[in-house]
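Structure first, commentary second.
In the text below, chain A, chain B and the rest are named by the order of the sequence lines, each starting its count at 1. Just the heavy atoms: all of them, side chains too, but no hydrogens, waters or symmetry mates, feed the values below.
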Protein chains: 2
Amino acid sequence: MLKQTEITTIRDFNRNYTKLLGILNRRVLETPLSWTEGRVILEISFNHDKTPIEIANNLGLDKSYTSRILNRFEKHGLLTKTPSVTDSRSIELQLTDKGSTLVHELDERSDQQIRDLLAALNDNQIKQFYQAITVLDQLLFEKAVD
Amino acid sequence: MLKQTEITTIRDFNRNYTKLLGILNRRVLETPLSWTEGRVILEISFNHDKTPIEIANNLGLDKSYTSRILNRFEKHGLLTKTPSVTDSRSIELQLTDKGSTLVHELDERSDQQIRDLLAALNDNQIKQFYQAITVLDQLLFEKAVD
DNA sequence: GCACTTTAGTGGACAAAGTCCACTATATTA
DNA sequence: TAATATAGTGGACTTTGTCCACTAAAGTGC
């Protein structure tokens with residue numbers, strides 16, 4: 001099926017690509033947030049997660065760890081907690097204006113990360129890149145038919 | 001150049017892809033080594049690094065941190081250190097048989113990671129995947145001409 | 001040769017990130 | 001109603017990584 005040289009090519013690409021993204025991510029992270037904190041606040045914003053447990057589950061984090069992160073967010077005025085009306089063991093999270101502003105900033109930096117990634121390419125190459133990404137996305141994440 | 005929707009597609013792909021690789025990596029990491037330790041021992045083996053400072057530089061690690069990792073490796077019989085003949089401040093590293101065996105095991109697990117990645121795809125899809133990876137690799141890492 | 005600066009490796013002290021466990025208070029199930 | 005499961009929290013801990021200072025050996029300019 002796959003030759004050893006092809007596996008090696010894919011492995012090398014994966015290593016190089018994740019490394020490159022990691023380097024570009026440093027710019028995204030030039031914020032008060034750590035990598036995981038960034039994922040958490042984006043998860044709250046983007047997926048409209050309402051409770052700590054959802055976030056912990058969706059991101060695969062320890063619930064205790066998540067709890068502490070959310071406490072820090074609250075302390076820094078990024079979100080507010082209100083008791084859940086449907087389950088009084090639970091809590092609902094709302095981003096404050098400050099929190100939303102930060103999310104917006106992270107979002108723009110992430111967009112910039114992509115532009116940086118492609119900065120050295122010309123229009124035709126960017127088109128090729130996008131098409132290749134689309135192929136991978138469909139194959140891995142969208143269960144495209146043959 | 002890039003539409004916002006395209007940027008979002010790329011961002012989503014990057015997030016999903018790194019997440020998926022991270023999950024598959026857990027299997028690779030079912031060894032006595034942490035992620036960074038794995039990178040270090042592979043670097044010693046693959047790039048034939050001979051000195052701690054080369055490893056620290058190549059992997060972007062703190063030299064103190066690297067020193068401690070290498071000490072652990074020595075303690076666990078994965079490598080031996082010999083004084084450099086050309087620079088007596090420095091040290092040359094050699095993997096022991098045990099170290100080489102571990103590298104081989106990591107290598108096989110990494111290959112298996114790729115197979116797992118593509119496990120749900122049929123032959124034609126695997127071919128498409130490989131071609132797309134090749135395109136990305138050339139565009140990002142091989143400075144291919146237009 | 002001799003002062004000066006740089007470099008390789010190490011360890012102490014610390015910070016950041018993440019895990020594990022126990023606990024309380026609710027909710028769910030039988 | 002009794003037993004069990006779940007949400008959230010905090011204490012204690014480990015792992016991971018950073019920063020700084022130090023020694024000993026090179027390298028550099030003269």
Euclidean distance, atom [atom1] of residue [X] to atom [atom2] of [N] [Å, nearest integer]:
{"X": "Leu61(B)", "N": "dT18(D)", "atom1": "CG", "atom2": "P", "result": "8 Å"}
{"X": "Asp87(A)", "N": "dA27(C)", "atom1": "CG", "atom2": "P", "result": "5 Å"}
{"X": "Lys50(B)", "N": "dG9(C)", "atom1": "NZ", "atom2": "C1'", "result": "19 Å"}
{"X": "Ile91(B)", "N": "dA24(D)", "atom1": "CD1", "atom2": "P", "result": "15 Å"}
{"X": "Trp35(B)", "N": "dG17(D)", "atom1": "CH2", "atom2": "C1'", "result": "16 Å"}
{"X": "Ile55(A)", "N": "dT6(D)", "atom1": "CD1", "atom2": "P", "result": "19 Å"}
{"X": "Glu92(A)", "N": "dA7(D)", "atom1": "CD", "atom2": "C1'", "result": "13 Å"}

If you take all heavy atoms of [X] and [Y], which pair is closest and at what distance?
{"X": "Thr66(B)", "Y": "Ala56(B)", "answer": "OG1-CB, 3.5 Å"}
{"X": "Gln128(A)", "Y": "Val135(B)", "answer": "O-CG1, 4.1 Å"}
{"X": "Leu136(B)", "Y": "Ala132(A)", "answer": "CD2-CB, 3.6 Å"}
{"X": "Gly77(B)", "Y": "Thr96(B)", "answer": "O-OG1, 2.6 Å"}
{"X": "Val103(B)", "Y": "Leu42(B)", "answer": "CG1-CD2, 4.0 Å"}

Review point. Taking Gln112(B) as the fixed residue, which of Arg109(B), Arg115(B), Glu108(B) is the one that meets the side-chain hydrogen bond (donor to acceptor under 3.5 Å, both in side chains) rule?
Key: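 So, applying the side-chain hydrogen bond (donor to acceptor under 3.5 Å, both in side chains) to Gln112(B) and each of Arg109(B), Arg115(B), Glu108(B), only Arg115(B) qualifies.
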Point to revise | Rounded (10°) bend between the five-pair end axes of the helix from dG1(C)-dC30(D) to dA30(C)-dT1(D) | key: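 Answer rounded to 10°: the end axes differ by 40°.
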Looking at [X], does any N or O in its side chain come under 4.0 Å of the phosphate oxygens OP1/OP2 on [N]?
{"X": "Thr36(B)", "N": "dG17(D)", "value": "yes"}
{"X": "Ser34(B)", "N": "dT15(D)", "value": "no"}
{"X": "Ser84(B)", "N": "dA8(C)", "value": "no"}
{"X": "Lys81(A)", "N": "dT9(D)", "value": "yes"}

Closest nucleotide among [options] to the [X] side chain:
{"X": "Pro52(A)", "options": "dG17(D), dG8(D), dT9(D)", "answer": "dG8(D)"}
{"X": "Ser90(A)", "options": "dT26(C), dA7(D), dT9(D)", "answer": "dA7(D)"}
{"X": "Arg89(B)", "options": "dG8(D), dG17(D), dA25(D)", "answer": "dA25(D)"}
{"X": "Asp62(A)", "options": "dA7(D), dC20(C), dG9(C)", "answer": "dC20(C)"}

**Study point:** Gly60(A) or Ser88(A), whichever maps to the more 5' nucleotide of DNA chain C
**Key:**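 The 5'-side residue here is Gly60(A).
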Point to revise | Any side-chain donor near an acceptor of the partner, Gln94(B) and Thr80(B), under 3.5 Å | key: yes
Practice item. Give, ordered by number, those residues of residues 63-75 of chain B having at least one heavy-atom distance below 4.0 Å to an atom of DNA chain D; if nothing qualifies, reply none. Key: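 Of all residues in residues 63-75 of chain B, the ones placing a heavy atom under 4.0 Å from DNA chain D are Ser64(B), Tyr65(B), Arg68(B).
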Review point. Is a side-chain donor or acceptor of Asp137(A) paired with a backbone partner of Ile133(A) at a separation under 3.5 angstrom?
Key: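 Checked: no pair found.
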Check your understanding: Is a side-chain N or O of Ser67(B) found less than 3.5 angstrom from the main chain of Lys63(B), in a donor-acceptor match?
Key ->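 Checked: no pair found.
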Review point. So, Asp107(A) and Arg11(B), do they make that salt bridge, N to O below 4.0 Å?
Key: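 Yes, this pair counts.
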